[in-house]
Amino acid sequence: MTPARRACFNHPLRRGILVLLLTGGLAACGTYSTFGPMIPGANVQAPTTQPSVEPTIENTNVLGSGEVRVGLILPLTQGSGPSLVGTSMRNAAELAIAESGGSDISLMVFDDQSSPEGASGATQSALSQGAELIIGPLYANNVREASRLARGAGKSMIAFSTDTNVASRGTYLLSFLVEGYVNRIVDFAAQRGKKSFAALVPENDYGTVALAEFQQAAARRNIRVQAIERYAPGQSSGAVQRIAAIASQIDALFIPEQADAMAIVAAQLTTAGLESKRVQILGTGLWNDARVLKLPALQGAWFSAPENGGFNAFAQRYRAKFGSDPTRLATLSYDAVSLAAALARSQGAQRFSESTLTNPSGFNGADGIFRFSADGQVERGLSILQINNGTTSVVSPAPRSFGG
């Protein structure tokens, strides 16, 4: 990487525009190379059932004033009231538009009412009003419905679900995938000389996905997996005792559990003598939570997560504008909208094509670098954090660029 390119890449995020990481040279920040030719079928026209005249934006909450139209579909309401997550993600999108200058895209905001039917209606409305790109929805079933319509219209989608089953060519997931967390923590533990693992895994969807990825990562690294113990939510005592019985045979214990359940698990680890001073405990980004960081059994534990600096800087700007704290998912909306604005400004007719969105050098956002694969999944640059005295320290920084 040249000095100019490195300086551009390391420059703080300004005006909400993401810096594209390109294989070609960069003369200065905000200067972009030209991508290759558009992949056939990546940007085909909408079905002929849509109006042939230029559609107008009607009955829509619109942010920005650019000629390029983008639809943002969020769960703004849930049940009979507003959704905290949806509102926070909508605010983050407004912040991204404001920091980008507001002249690159017109962001049409739709409420999917937290339902597949609502997502379908919102997507149809966005497409009929000229959306070239769909951002959102959040929930997997909603993404599935929206993706079907966007794909039929030949438009790309950047969605927020963590369920990789809804990812596909043209439907890209900008989310925090458990698969990425697992690979990063297992690889790091192996680099630190850990060779014999056990896994303590909840019997839920997250645990099932994490376990499958853990087994693949262990096989790739030639790690011995001495035991896998699963447990029903809230009933980990027996599984912990069985792991404790073989503690002398392992040097790492992987626990893909969510933050709100870790207090019970951690107490049982302490009772069984399975604290990180004896066996290196490993987790995922779900542990980046104050409730987890204060648990005695987890002091010294490692987990993979985006570095906190980017989110903290985003949260400070968010609080200044809206007078409240953002939810943790708000950066997903912020990064997606910032990316759409950057591509609309720099990439011309290819702005949302497959070749542009899957550029192997990726993009830089509030949570660090990320890139989309052809199958719709996202790869993130993650750090390894160690829990110490109720806080975290970085023991392995997130990469600043993608190799290969």
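Heavy-atom basis, side chains included; hydrogens, waters and symmetry copies ignored. Since this is a predicted model, take the numbers as computed values, not measurements.
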Pair listing, side chain to side chain donor-acceptor pair (under 3.5 Å) test, anchored in residues 77-86, at least two apart: Thr77-Asp111
Taking every heavy atom of Pro256 against every heavy atom of Leu200, the minimum-distance pair comes out as CD-O, 3.4 Å
Provide the full list of ring pair (Phe, Tyr, Trp, His ring centres under 6.0 Å) pairs with a residue in residues 219-249, sequence neighbours left out, each pair given once. none
Salt bridge flag under 4.0 Å for residues Arg351 and Glu132: yes
Is Tyr139 close to Asp163 at the side-chain level, that is, under 4.5 Å between some pair of heavy atoms? no
Applying ring pair (Phe, Tyr, Trp, His ring centres under 6.0 Å), which residue pairs with at least one partner in residues 190-226 are found, sequence neighbours left out? Phe214-Phe254
Tell me the closest heavy-atom pair linking Val62 and Ser106, and the distance in Å. CG1-CB, 4.1 Å
Met157 versus Ala150, closest heavy-atom pair with distance: CE-CB, 4.0 Å
Salt bridge (charged side-chain N to carboxylate O under 4.0 Å, His left out) contacts in which one or both residues fall within residues 283-301, not counting sequence neighbours: Asp289-Arg291
How would you list, by chain and number, every residue that makes a salt bridge (Lys or Arg N to Asp or Glu O under 4.0 Å) with Glu307, sequence neighbours excluded? Arg400
Distance alone, cut at 3.5 Å: any donor-acceptor contact between the side chains of Thr356 and Ser353? yes
Which heavy atom in Ala93 sits nearest to a heavy atom in Leu63, and how many Å separate them? C-CD1, 4.3 Å
Inspect the contact between Lys194 and Asp251 and indicate whether a charged nitrogen and a carboxylate oxygen are less than 4.0 angstrom apart. no
Non-hydrogen atoms of Val178 and Ala210 that approach each other most closely: CG2-CB, 3.7 Å
Any idea which heavy atoms bring Ser196 and Gln226 closest together, and the distance? OG-CG, 3.0 Å
Looking at residues at least two apart in the chain, or sitting in another chain, which of them share a side-chain contact (heavy atoms from CB on, under 4.5 Å) with Glu145? Pro116, Ser120, Arg148
Counting only pairs under 3.5 Å, give me each side-chain donor-acceptor contact of residues 185-192, with atom names and distances, residues two or more places apart or in other chains.
{"from": "Asp187", "atom 1": "OD1", "to": "Arg220", "atom 2": "NH2", "distance (Å)": "3.0"}
{"from": "Asp187", "atom 1": "OD1", "to": "Arg221", "atom 2": "NE", "distance (Å)": "3.3"}

Has Asn389 got more than 12 heavy atoms of other residues, nucleotides or ligands less than 6.0 Å from its CG? no
Got a sec, which pairs hit ring pair (Phe, Tyr, Trp, His ring centres under 6.0 Å) with one end in residues 150-172, sequence neighbours left out? Tyr172-Phe372
With salt bridge (charged side-chain N to carboxylate O under 4.0 Å, His left out) as the rule and sequence neighbours excluded, what pairs involving residues 372-393 come up? Arg371-Glu379
For Glu213, give me all partners under salt bridge (Lys or Arg N to Asp or Glu O under 4.0 Å), at least two apart in sequence or on another chain. none
Taking Asn204 for the side chain and Gly207 for the main chain, is one N or O donor matched with an acceptor at less than 3.5 Å? yes
Checking Tyr318 against Asp325: is there a side-chain donor and acceptor pair closer than 3.5 Å? no
So which pairs with a foot in residues 229-244 pass salt bridge (charged side-chain N to carboxylate O under 4.0 Å, His left out), sequence neighbours left out? Glu229-Arg242
For residues 115-127, which residue pairs pass the salt bridge (charged side-chain N to carboxylate O under 4.0 Å, His left out) check, not counting sequence neighbours? none
